[in-house]
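Encoded as structure tokens, the structure appears first; notes follow it.
Excluded from the calculations below are hydrogen atoms, water molecules and symmetry mates; all remaining heavy atoms, backbone and side chain alike, are included. Please read these numbers as outputs of a predicted model, since none were measured by experiment. Numbers here are sequence positions counted from 1.
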Amino acid sequence: MSDVFFHFFNRESNGRAYEAEPAKKTRRARGSGVSRVLISLAVTAVFGAVYFYFKLPAINLHDKSFYTFALALCVVWTVCMVFLRGSRPAGTGFVKYNLKTLPTVWIAAVLIAVSIIGGASGWVIFRAKAYSGLLKTEDGDFAREVAEISWDQIPMLDSTSANNLANRKLGELSDLVSQFTVDSSSAQINFNGRPVRVIYLNYGSVFKWWNNRADGIPAYMVVDMVTQEVSVVRLDEGMKYSPSEFFNRNLERHLRLKYPFKMFEDVNFEIDEEGTPWWVASVVEKKIGLFGGRDIVGAVLVNAVTGETRYCEVGDVPSWVDRVYSAELLIEQYDYYGVYHNGFWNSLFGQKGCTETTDGYNYIAQDDDVWLYTGITSVSGDRGNIGFVLVNQRTKEARYYSCAGAEEYSAMSSAEGAVQQYEYAATFPLLLNIEEQPTYFMALKDAAGLVKMYALVNVQQYQIVAVGSSVSECIRSYEAQLLHSGIVSGADVPSATHELSGTVEEIRSNVIDGNTCYYIRISGSDAFFSVYAKACPEAVTLDPGDRVTVTYSESPDAIVSAETLVIG
């Protein structure tokens with residue numbers, strides 16, 4: 001009966017029956033237009049808040065992560081609107097119609113277009129001159145400026161050695177070693193006129209953070225780069241803001257919530273002259289196009305204990321801050337200058353005057369600041385340097401010194417070859433002025449990363465290599481080689497400042513790395529004078545009561561290295 005009824009109402013006008021097509025289903029829109037928009041906005045806002053809290057993008061058109069954030073918001077809002085609006089029968093072009101009318105589709109299209117066009121406007125092929133002008137350098141006077149650096153300001157340790165010493169020190173502190181770890185990064189700064197590395201501690205795990213979060217991190221470490229001494233500085237109130245914190249006390253999140261529109265290049269741990277711990281977050285801007293030519297315009301200072309923050313322009317950064325510009329950024333900017341100062345096409349074909357920095361870099365304390373040092377070589381890839389640069393990491397003052405000679409890694413190989421029997425590894429060298437001779441200075445480390453000896457290598461004649469177990473011994477050996485090679489005259493080499501004659505009252509000896517060292521106490525002095533058997537073979541014949549004469553440089557230490565020793 002039902003079939004008859006169905007066919008009755010499905011006849012054409014001529015009375016012929018036809019087969020009925022199934023009815024097309026239609027899904028109704030969910031709610032009114034205003035409610036759909038409000039619900040979509042609410043969902044998008046929740047998604048955006050969660051995304052921003054965990055991903056921490058800068059709300060800045062020059063930050064690539066901002067475009068990812070904005071496009072994600074557009075996608076979420078669009079999906080919500082499509083879902084809530086309902087659908088038309090298949091084949092009616094519903095999807096096409098809706099997407100064309102949604103504003104987020106056009107916003108996403110504009111964002112993509114802006115990022116592509118803005119990114120292309122900063123391509124180095126179009127803006128080579130602008131890139132080459134990011135770092136301004138001045139020619140420096142090597143003999144006048146570098147010679148003023150005193151030996152007690154030269155860092156003897158690299159970051160790896162400093163961290164090894166800090167880890168060993170932490171192992172001695174039973175109340176800290178079980179809860180905290182030494183952070184692998186450290187910044188070299190000047191503290192009370194001394195080159196040091198300040199190293200902060202991290203929570204050992206999330207459970208250890210939970211147990212200690214109320215008190216914070218109770219201490220930090222200071223490693224003297226000259227004496228290699230490690231000091232543990234305990235705080236009256238622990239550090240509550242650090243990279244190993246969670247939630248709002250996490251350093252990166254704390255900065256982003258305080259400064260949502262700023263882009264941060266680098267965050268360093270430093271201390272002021274009173275020993276208060278601070279985080280120094282460098283604020284970066286893109287100077288060329290939309291994403292190119294990054295440069296530092298200021299810094300945000302964060303009190304690691306209280307979380308207090310303040311922003312300073314580059315020119316207003318306090319003098320106790322030593323690192324605003326990272327080494328990587330300064331090297332990148334000099335490479336832009338070295339490669340592109342004669343234009344982009346010259347960097348590809350003629351390469352006239354094209355230079356670049358060497359693979360390594362180091363730091364040197366000077367003028368109560370920390371200066372980045374790196375060598376400059378030709379882009380042709382030869383093994384020689386044509387000069388070097390010093391760049392102030394607080395002010396970006398840059399000085400170029402023309403000084404042709406051996407490339408740093410060649411000098412390191414020469415130093416390692418001089419003590420190859422010990423298999424020591426050389427640190428990346430500093431360039432110093434000794435007797436008006438450009439000279440590489442480096443430390444020699446054993447397999448455990450401890451500094452055992454020091455080396456000096458002449459830049460222009462890197463077969464001249466001097467090594468010593470102390471800096472003063474190394475200098476004496478180096479000056480003797482300069483004199484023997486005729487590079488300097490005897491009048492140029494300073495003589496010992498003191499001479500002492502007397503009878504031997506006490507003799508002790510010790511074997512250091514296979515070399516016998518004698519420690520001799522002479523009447524008229526409370527100090528012991530050290531001399532190696534290989535430098536003075538006659539020392540093995542000494543007995544108490546023998547008369548000797550030693551020459552030496554003044555030193556406050558209980559053990560003084562003797563420059564010469566004469567028996568009788």
Would the distance check show the side chain of [X] and the main-chain N or O of [Y] forming a donor-acceptor pair, the cut-off being under 3.5 Å?
X	Y	value
Arg197	Val223	no
Glu408	Thr358	no
Asp63	Ile59	no
His254	Gly307	yes
Asn385	Glu407	no
Arg194	Asp224	no
Ser410	Ala406	no
Tyr424	Ala447	no
Glu356	Asp335	no
Ser132	Val339	no

Salt bridge check, [Y] against [X]: does any charged N sit closer than 4.0 Å to a carboxylate O?
X	Y	value
Asp295	Lys396	yes
Arg394	Asp369	yes
Glu397	Arg399	yes
Glu332	Arg294	yes
Asp266	Arg323	yes

Are [X] and [Y] side-chain neighbours, meaning at least one heavy-atom pair lies under 4.5 Å?
X	Y	answer
Leu330	Tyr334	no
Leu329	Ser326	yes
Thr439	Asn433	no
Cys312	Leu301	yes
Val467	Tyr454	no
Asn303	Thr276	yes
Val198	Ser186	no
Val389	Ile376	yes

Could you grab the distance from atom [atom1] of [X] to atom [atom2] of [Y], nearest 0.5 Å is fine?
X	Y	atom1	atom2	answer
Leu170	Gln179	CG	CD	11.0 Å
Asn392	Leu372	CG	CG	10.0 Å
Lys452	Ser469	NZ	OG	11.0 Å
Asn212	Leu176	CG	CG	9.5 Å
Ile39	Phe83	CD1	CZ	10.0 Å
Asn60	Phe261	CG	CZ	9.0 Å

Over all atoms of both residues, closest heavy-atom pair of [X] and [Y]:
X	Y	value
Gly238	Val305	O-CG1, 3.6 Å
Ala219	Arg234	CB-CA, 4.0 Å
Ala398	Leu135	CB-CD1, 4.1 Å

Show your reasoning for whether ring pair (Phe, Tyr, Trp, His ring centres under 6.0 Å) applies to Tyr131 and Tyr340. CA-CA 7 Å; Tyr131 278 97; Tyr340 298 122; 7.1 Å; no

Please check if the number of heavy atoms outside [X] that lie under 6.0 Å from its [atom1] is greater than 12.
X	atom1	value
Glu423	CD	no
Glu273	CD	yes
Lys64	NZ	no
Lys258	NZ	no
Phe180	CZ	yes
Trp123	CH2	no

For the residue pair Tyr51 and Phe47, does the interplanar ring angle fall in the parallel (under 30°), tilted (30 to 60°) or perpendicular (over 60°) class? tilted

Below 30° counts as parallel, above 60° as perpendicular, anything between as tilted: where do the rings of Tyr259 and Phe264 land? perpendicular

Could you walk me through whether Glu416 and Tyr422 pass the side chain to side chain donor-acceptor pair (under 3.5 Å) check? CA-CA 9 Å; Glu416 291 168 355; Tyr422 304 128; over 6 Å; no

Could you walk me through whether Tyr200 and Tyr220 pass ring pair (Phe, Tyr, Trp, His ring centres under 6.0 Å), step by step? CA-CA 5 Å; Tyr200 61 91; Tyr220 61 85; over 10 Å; no

Quiz item: cation-pi between Arg213 and Trp210, 6.0 Å / 45°: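 So Arg213 does make the cation-pi contact.
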
Do the numbers put Lys262 on top of the ring of Tyr311, so that NZ or CZ is under 6.0 Å from the six-membered ring centre and no more than 45° off the axis? yes

Aromatic centroids of Tyr373 and Tyr361 separated by under 6.0 Å: no

Could you walk me through whether Trp209 and Phe246 pass ring pair (Phe, Tyr, Trp, His ring centres under 6.0 Å), step by step? CA-CA 8 Å; Trp209 163 77; Phe246 292 88; 4.9 Å; yes

Pairs of donor and acceptor atoms involving the side chains of residues 154-161, under 3.5 Å and at least two apart or interchain, shall be tabulated with distances.
unit_1, atom_1, unit_2, atom_2, d
Asp158, OD1, Ser161, N, 2.9
Asp158, OD1, Ser161, OG, 2.9
Asp158, OD1, Lys445, NZ, 3.4
Asp158, OD2, Lys445, NZ, 2.9
Ser161, OG, Lys445, NZ, 3.4
Ser161, OG, Gly449, O, 3.0

If you apply the rule side chain to side chain donor-acceptor pair (under 3.5 Å), what do you find for Tyr203 with Glu245, and how did you get there? CA-CA 8 Å; Tyr203 294 104; Glu245 285 281 355; 2.9 Å; yes

Would you say the side-chain atoms of Asp183 and Asn202 include a donor-acceptor pair closer than 3.5 Å?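 Indeed, the side chains of Asp183 and Asn202 share at least one donor-acceptor pair under 3.5 Å.
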
Just list the side-chain donor-acceptor pairs under 3.5 Å for residues 278-291, sequence neighbours left out, or say none.
unit_1, atom_1, unit_2, atom_2, d
Trp278, NE1, Asp272, OD2, 3.1
Trp279, NE1, Tyr241, O, 2.8
Ser282, OG, Val324, O, 2.4
Lys286, NZ, His62, O, 3.3

Take Thr357 and Thr374 through the side chain to side chain donor-acceptor pair (under 3.5 Å) test and state the conclusion after the steps. CA-CA 6 Å; Thr357 56; Thr374 187; 4.8 Å; no

Using ring-ring contact (aromatic ring centres under 6.0 Å, His included) as the criterion, list what pairs up with Phe428, not counting sequence neighbours. Tyr409

